[in-house]
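This report refers to the structure that appears directly beneath it.
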Amino acid sequence: MLGASDLVVGRGGVALLEGLSLAVGTGDLLAVRGPNGAGKTTLLRTLAGLQPALSGSVDVAPDTLAYASHADGIKPSLTVRENLIFWADVFAAPDGIAPAVAAFDLEPLLERLAGRLSAGQKRRLGLARLMVTGRPLWLMDEPTVSLDSSAVAALAALLQAHLAGGGAAIIATHLDLGIEGQVLDVTPHRAQGRTAPRGFDEAFA
Amino acid sequence: MSIWEFANPRKFTALSLKILPTLVGLSAVLVLGGLIWGFAFTPNADKFESTVKIIYVHVPSALMAINGWLMMLVCSLIWLVRRHHVSALAARAAAPVGVVMTVIALFTGAVWGQPMWGTWWVWDPRLTSFLILFLFYLGYMALWAAIEDTETAADLTSILCLVGSVFALLSRYAVNFWNQGLHQGTSIPVATGGRTVADVYFLPLVVAMAGFFVLFVALVLARTVTLIRERRLAVLDAQEARA
Amino acid sequence: MIALLRRDLMLAVRAGGGFGLALAFFLIVVVLVPFAIGPDPSLLSRVAAGVLWLGALLACLLSLDRLFALDHEDGSLDLLATAPLPLEGIAAVKALAHWLTTALPLVVAAPAFGILLSLPAPGFGWLVVSLLAGTPALSAIGTFGAALTVGLRRGGLLLSLIVLPLYVPTLIFGAEVARRGAEGLAIGPALPLLAGITCGTLALMPFATAAVLRRALRG
Amino acid sequence: MNLDMGKYATEVLLSYAGTLIPLALVIWITWAQYRRAARALSAAEARKDIP
């Protein structure tokens with residue numbers, strides 16, 4: 001579904017992670033682990049195609065992934081239903097919002113303004129938003145932030161269902177979700193200055 | 001050997017350092033020579049009397065104000081198309097010099113206009129266009145200063161320079177249209193009244209224009225080398241921090 | 001794209017900021033002008049067209065800094081960028097939404113404010129026509145400026161510095177149409193020129209905006 | 001040699017001053033920044049033993 005080989009990612013021309021190779025297929029979960037500031041977010045953004053790799057390549061078919069950043073991307077002045085319908089329409093999802101509403105148990109909250117939700121409920125809405133995109137591969141940056149342990153368990157269950165249904169996910173997290181899957185610890189891949197700077201700085205090294 | 005070899009910062013710096021002393025000397029000789037010649041050794045004109053001497057500072061600075069922006073436009077295009085880093089830095093280096101030239105042109109124009117038109121400022125199309133050019137320079141420099149990552153800044157300022165050039169040109173024609181709309185039939189005093197004069201005025205003007213041009217080139221080269229060095233310094237510091 | 005437009009309109013209505021703030025600002029500018037230059041109706045009627053154009057232009061600036069900033073902060077822009085929508089389309093829709101929520105209310109309100117400034121009777125129609133023809137360009141240019149400053153701290157002031165010089169040609173031709181209309185003169189080539197600028201801007205600006213967005217998203 | 005500027009002496013002198021002072025300023029700033037960058041870079045390269 002998504003493959004990358006000998007990937008070097010970085011910000012502002014400075015390599016953060018290097019020598020990364022990964023492959024994610026249907027039903028796979030890849031947990032990206034590592035300390036804060038190591039470059040997990042940069043790696044996810046690069047895989048999502050939001051920023052270019054410093055070298056190496058990401059091989060992914062178009063329209064397979066959806067990227068969820070730290071922030072939920074939820075508009076507090078819209079209701080839960082309106083938030084979900086928007087993303088379903090933007091991604092031209094064939095199933096609409098019903099499966100996601102059912103999966104995340106959002107039925108009773110549908111008419112509530114998103115700004116009035118609790119942190120955990122917001123997070124559920126944020127995940128439901130990924131589901132309504134209809135994309136099989138989810139790239140999630142720290143989805144467990146601000147979730148209590150029962151919500152984490154719920155998240156794990158939902159992810160498992162997503163994987164079982166032919167989906168896949170790459171998750172940057174420092175919690176063990178208790179799901180079978182690959183773990184990519186980025187610590188050994190941290191750039192040690194072995195790689196010359198790329199982009200703007202390359203010319204001045 | 002291709003001209004693009006000098007897109008390499010090292011080669012660019014080496015060449016710049018080699019020719020900078022010559023350029024500095026040449027610009028000093030030409031600027032001082034042209035200005036002293038024009039200031040002290042030209043007769044007063046019939047109509048403009050001694051104010052004719054102002055053209056030796058006004059016209060060259062106005063020339064370089066426009067050419068400065070044109071240089072930034074060309075450098076921005078080169079950066080966007082060929083991704084030569086020196087080009088982006090050269091565009092950045094040219095902006096402060098261009099803005100000084102614009103200020104000089106505006107100031108000397110106002111000083112000249114005071115006795116000629118009886119007022120420090122008229123919304124003459126030429127003057128107005130320069131004021132707008134000044135604003136474009138300010139926006140461009142402010143954007144450079146606001147973005148931390150150099151490569152992002154280079155990309156965004158280059159796009160702004162392209163779009164700004166189109167709108168600067170549009171403004172130029174719009175301002176022409178607008179002022180004629182305001183003063184129908186009245187003759188507008190033209191700031192270039194002294195340009196069609198005899199050789200006695202023209203020759204020192206040519207020297208001064210050449211001087212300002214060489215001075216501009218020397219300043220931009222020196223500033224570009226400075227920016228290249230700062231860039232390299234940042235890379236070395238980053239390497240040191242990682243090690 | 002329609003979904004995006006609908007959402008932006010809904011957000012503007014819910015927050016109230018889009019419609020209300022720009023209109024209130026426009027009204028305040030119009031009210032302050034007589035305090036600054038005196039209440040003489042003949043003087044006011046001479047400057048009314050220009051003041052109304054300038055007020056509308058400044059009011060257009062107000063909500064620009066939030067155009068992409070909100071979507072950038074809450075991560076919507078990232079997800080939008082991976083959506084099957086071209087960024088050019090997103091840029092165009094954002095400009096359209098800005099026009100509908102900010103500029104269009106100004107156009108509608110402008111004749112009412114014209115009364116406050118003793119705008120001559122023939123000027124009302126031309127004022128509306130010139131604003132209708134000119135404000136889409138203001139929105140498209142402003143969207144470009146908003147994309148340039150997205151994610152920058154203190155982007156608001158920088159946005160004005162960048163956008164206002166770009167507004168010059170539109171302001172010149174737009175105010176010229178309104179002024180000539182108010183003075184009862186022939187409109188002349190100003191209106192076609194204004195329309196030309198608007199058409200050109202609408203056609204090309206989304207591409208520049210998209211290029212800037214693509215670059216800015218890299219972070 | 002013609003230094004007789006008649007009644008416009010102020011304007012002429014003012015415009016020359018208004019040219020030379022900004023020029024001197026920008027030259028001086030450029031020179032100062034040039035020196036500073038050159039010194040800082042050579043110091044950094046000396047630290048790293050780069051010729």
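Only heavy atoms go into these numbers, but all of them, side chains included; no hydrogens, no water, no symmetry mates. A note on names: the letters A, B, ... follow the listed sequences, proteins ahead of strands, and every chain is numbered from 1.
Of the atoms belonging to A:Leu139, not a single heavy atom falls under 4.5 Å from chain C. Neither the backbone nor the side chain of C:Ile2 comes within contact range of chain A; no heavy atom of the residue lies under 4.5 Å from a heavy atom of that chain.
With hydrogens and angles ignored, the 3.5 Å screen pairs no side-chain donor or acceptor of A:Arg11 with any backbone N or O of C:Arg218.
The distance from atom CE of C:Met10 to atom OG1 of A:Thr79, rounded to the nearest 0.5 Å, is 7.5 Å. Taking CG from C:Leu79 and OG1 from A:Thr133, the interatomic distance works out to 7.0 Å, rounded to the nearest 0.5 Å. A:Tyr67 contributes atom OH, which lies 9.5 Å from atom OG1 of C:Thr82 (distance to the nearest 0.5 angstrom). A distance of 6.5 Å separates CZ of A:Arg45 from CG of C:Leu217, quoted to the nearest 0.5 Å.
Among residue pairs with one or both ends in residues 132-177 of chain C, those qualifying as ring pair (Phe, Tyr, Trp, His ring centres under 6.0 Å) are B:Phe177-C:Phe173; sequence neighbours excluded.
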Given side-chain contact (heavy atoms from CB on, under 4.5 Å), test C:Leu80 with A:Phe91 step by step and report yes or no. CA-CA 9 Å; C:Leu80 266 179; A:Phe91 280 84; over 6 Å; no
How far apart are the C-alpha atoms of A:Glu82 and C:Arg14, what are their side-chain angles, what is the distance that settles it, and do they pass the salt bridge (charged side-chain N to carboxylate O under 4.0 Å, His left out) test? CA-CA 12 Å; A:Glu82 286 163 346; C:Arg14 297 274 164 87; 2.9 Å; yes
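Closest approach of C:Pro84 and A:Arg135 over heavy atoms only: CD-NH2, 3.3 Å. Residues C:Gly75 and A:Ser69 come closest through the heavy atom pair CA-OG, 3.5 Å.
Ranked by heavy-atom pairs shorter than 4.5 Å toward chain A, the options C:Leu4, C:Asp74, C:Leu85 are led by C:Asp74.
The local environment of CG in C:Leu157 is sparse, with at most 12 non-hydrogen atoms from other residues, nucleotides or ligands closer than 6.0 Å.
With sequence neighbours excluded, the residues satisfying side-chain hydrogen bond (donor to acceptor under 3.5 Å, both in side chains) with C:Asp71 are A:Lys75, C:Arg7, C:Lys94.
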